[in-house]
Protein chains: 2
Amino acid sequence: MNYDEAKNKFISTWGSLGTLWGINKAMAQIHALLLISPESLSMEDIMEQLQISRGNTSMNLRQLMDWGIVFKENKMGERKEYFTSEKDVQELARQIAKERSRRELQPTIKILKDVSNIDEDGTAKTKELIKQTKALHEMADTLDILMNRVIGQDHNWITKALVKLIK
Amino acid sequence: MNYDEAKNKFISTWGSLGTLWGINKAMAQIHALLLISPESLSMEDIMEQLQISRGNTSMNLRQLMDWGIVFKENKMGERKEYFTSEKDVQELARQIAKERSRRELQPTIKILKDVSNIDEDGTAKTKELIKQTKALHEMADTLDILMNRVIGQDHNWITKALVKLIK
DNA sequence: TCAAACTTTCAAAAAATATTGAAAGATTAA
DNA sequence: TTAATCTTTCAATATTTTTTGAAAGTTTGA
């Protein structure tokens, strides 16, 4: 496998993987491209390399910046904007964990809390609903605490967490 | 909030959440419904309660069984098939973690390994590609080990993992 | 063997999601 | 102020994903 093959394989794999951490293909591909580019890239560069439209590029870059994993850069004497991604993969993971907790886990926890707080009326179906949503609520809470714990740690958290768990 | 409101809220929340652990709405809703039903349900029951077609119900039930979180049940003297879900939420989480590792993490690890093994040709772009995919590979590996570690633990793993990490 | 009761399959339709590209909006330099 | 350069917006279009429902398939009892 040569450089171009490897690059394309990486970009397309990362792209299809994107859907499963909740971002679309173009967004994930832009991120992949920036991640492996030694230099920051302009919108034109990205459009050309990934063969996507200007509008698409613009919108997805904005989303990546909202996630806090891509940054704008301005080069002296140039009006054009350039983009780079977070290059430290552990920092990347922390940022993603943080955003997912905020966007998904926390709203879910709130709803589970509300649902599990309905009045117990003695019927089996109500009992079961309360019991299961309580259990989910508890688990989601624990997971969120765990994630935040992990986010608060330093750069080698993943390895450290592993070491702790293996002990 | 009364029972029916709470039930609908839970089912629709779980449904939209589904997309972010990689399953579609109907599949997640069927799962939610089974999770809070004290009795097992027939295909008719599910179709009626969620207002979805027979084909849809059939296909998604199969997928849930493939994930190992929904089971078929046969009642004596009845030809119809009934379905229940895994009711222990920690077991549910373990099962999901196991499947996601198998379906997503492991194939990704393989590709990252291949990509990071291309020949170093001295150029900056090749160096960067190798460096970043190696870092991702390492992280994915660690995560997979961590997940499997956790899957292998007993039913209170989440709490135990938390306790360990907090120490 | 047949027919009733049930489930699965899959092509077509519908719905949801992503993408395009041209117009409008900014920003800067002259 | 104007023109040049670049970015954003968004309605229209394209693509992907999900859902439907009827036909085919399966199982069981008589």
Side-chain angles (χ1 to χ4, degrees), chain A residues 11-34 39-67 70-84 103-104, chain B residues 11-34 39-67 70-84 103-104:
Chain A
I11 288 174
S12 75
T13 304
W14 208 239
S16 36
L17 231 65
T19 55
L20 52 84
W21 48 281
I23 70 175
N24 73 38
K25 202 182 74 176
M27 191 173 153
Q29 290 191 343
I30 293 172
H31 176 251
L33 176 61
L34 291 174
E39 307 292 339
S40 56
L41 301 179
S42 68
M43 245 175 62
E44 301 284 343
D45 295 334
I46 296 169
M47 287 166 60
E48 194 194 344
Q49 291 211 42
L50 301 179
Q51 293 291 316
I52 57 178
S53 72
R54 185 175 298 284
N56 201 358
T57 308
S58 169
M59 287 177 125
N60 285 117
L61 277 171
R62 173 129 70 95
Q63 287 216 71
L64 285 164
M65 290 188 284
D66 288 347
W67 271 80
V70 160
F71 316 102
K72 238 180 222 177
E73 243 178 31
N74 283 299
K75 295 198 178 177
M76 293 180 321
E78 289 217 53
R79 193 181 287 188
K80 219 182 291 186
E81 293 175 326
Y82 287 81
F83 301 89
T84 350
R103 292 169 194 230
E104 299 151 17
Chain B
I11 289 175
S12 75
T13 305
W14 209 240
S16 37
L17 231 68
T19 54
L20 52 83
W21 47 282
I23 71 175
N24 74 38
K25 202 183 73 176
M27 191 171 153
Q29 289 192 342
I30 293 172
H31 177 251
L33 177 61
L34 291 173
E39 307 293 338
S40 57
L41 301 178
S42 68
M43 244 174 63
E44 302 284 343
D45 295 335
I46 296 169
M47 287 166 59
E48 194 194 342
Q49 292 211 42
L50 300 179
Q51 294 290 317
I52 56 178
S53 71
R54 186 175 298 283
N56 201 357
T57 309
S58 170
M59 286 176 125
N60 284 117
L61 276 171
R62 172 129 72 95
Q63 286 216 74
L64 285 165
M65 291 188 283
D66 289 347
W67 272 79
V70 161
F71 315 103
K72 239 181 223 177
E73 246 179 28
N74 283 299
K75 295 200 178 176
M76 291 182 322
E78 289 217 54
R79 194 180 285 187
K80 219 182 287 181
E81 293 175 326
Y82 287 81
F83 300 89
T84 348
R103 293 170 194 230
E104 299 150 18

K.L.:
Quick one: B:Leu61 CG to C:dT8 C1', roughly how many Å, whole number?
P.N.:
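Answer to the nearest Å: 12 Å.
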K.L.:
What is the distance from CE of B:Met47 to P of C:dA5, rounded to the nearest Å?
P.N.:
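It works out to 16 Å between those atoms.
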K.L.:
Expressed in angstrom and rounded to an integer, what is the separation of B:Asn74 atom CG from D:dT26 atom C1'?
P.N.:
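Checked: the CG to C1' distance equals 14 Å.
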K.L.:
Indicate for each nucleotide in nucleotides 4-9 of chain D, in 5' to 3' sequence, whether protein heavy atoms under 4.0 Å reach the base (B), only the sugar-phosphate (S), or nothing (-).
P.N.:
BBSBBB
K.L.:
Measure CD1/A:Ile52 against P/C:dA18 and give the value in whole Å, please.
P.N.:
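Nearest whole value for this atom pair: 13 Å.
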K.L.:
Mind checking side-chain contact (heavy atoms from CB on, under 4.5 Å) for B:Asn24 and listing every partner two or more places apart, or none if nothing turns up?
P.N.:
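Residues passing side-chain contact (heavy atoms from CB on, under 4.5 Å) with B:Asn24: B:Ala26, B:Met27, B:Asn60.
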K.L.:
For A:Glu104, what residues pass the side-chain contact (heavy atoms from CB on, under 4.5 Å) criterion, not counting sequence neighbours?
P.N.:
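Expected list: A:Arg100, B:Leu20.
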K.L.:
Suppose we screen for side chain to side chain donor-acceptor pair (under 3.5 Å). Which residues come up paired with A:Asn56, at least two apart in sequence or across chains?
P.N.:
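Result, side chain to side chain donor-acceptor pair (under 3.5 Å) vs A:Asn56: none returned.
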K.L.:
How far apart are the closest heavy atoms of B:Lys75 and B:Ser40, and which atoms are they?
P.N.:
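Taking every non-hydrogen atom into account, CE-OG, 3.8 Å.
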K.L.:
Who pairs with A:Thr57 by side chain to side chain donor-acceptor pair (under 3.5 Å), at least two apart in sequence or on another chain?
P.N.:
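Here no residue qualifies.
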K.L.:
Taking atom P of D:dT15 as reference, at what distance in whole Å does atom NZ of A:Lys25 sit?
P.N.:
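After rounding, the gap between these two atoms is 11 Å.
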K.L.:
For B:Asn24 and D:dT20, give me the distance from atom CG to atom C1', rounded to whole Å.
P.N.:
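Taking atom C1' of D:dT20 as the reference, CG of B:Asn24 is at 14 Å.
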K.L.:
What integer distance in Å separates A:Ile46:CD1 from C:dT19:C1'?
P.N.:
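Roughly 16 Å, once rounded to whole Å.
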K.L.:
Rounded to whole angstroms, how far apart are CG on B:Leu50 and P on D:dT18?
P.N.:
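Taking atom P of D:dT18 as the reference, CG of B:Leu50 is at 16 Å.
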K.L.:
Hey, could you give me each pair passing salt bridge (Lys or Arg N to Asp or Glu O under 4.0 Å) that has a residue in residues 49-59 of chain B? Not counting sequence neighbours.
P.N.:
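Output for this query lists B:Glu44-B:Arg54.
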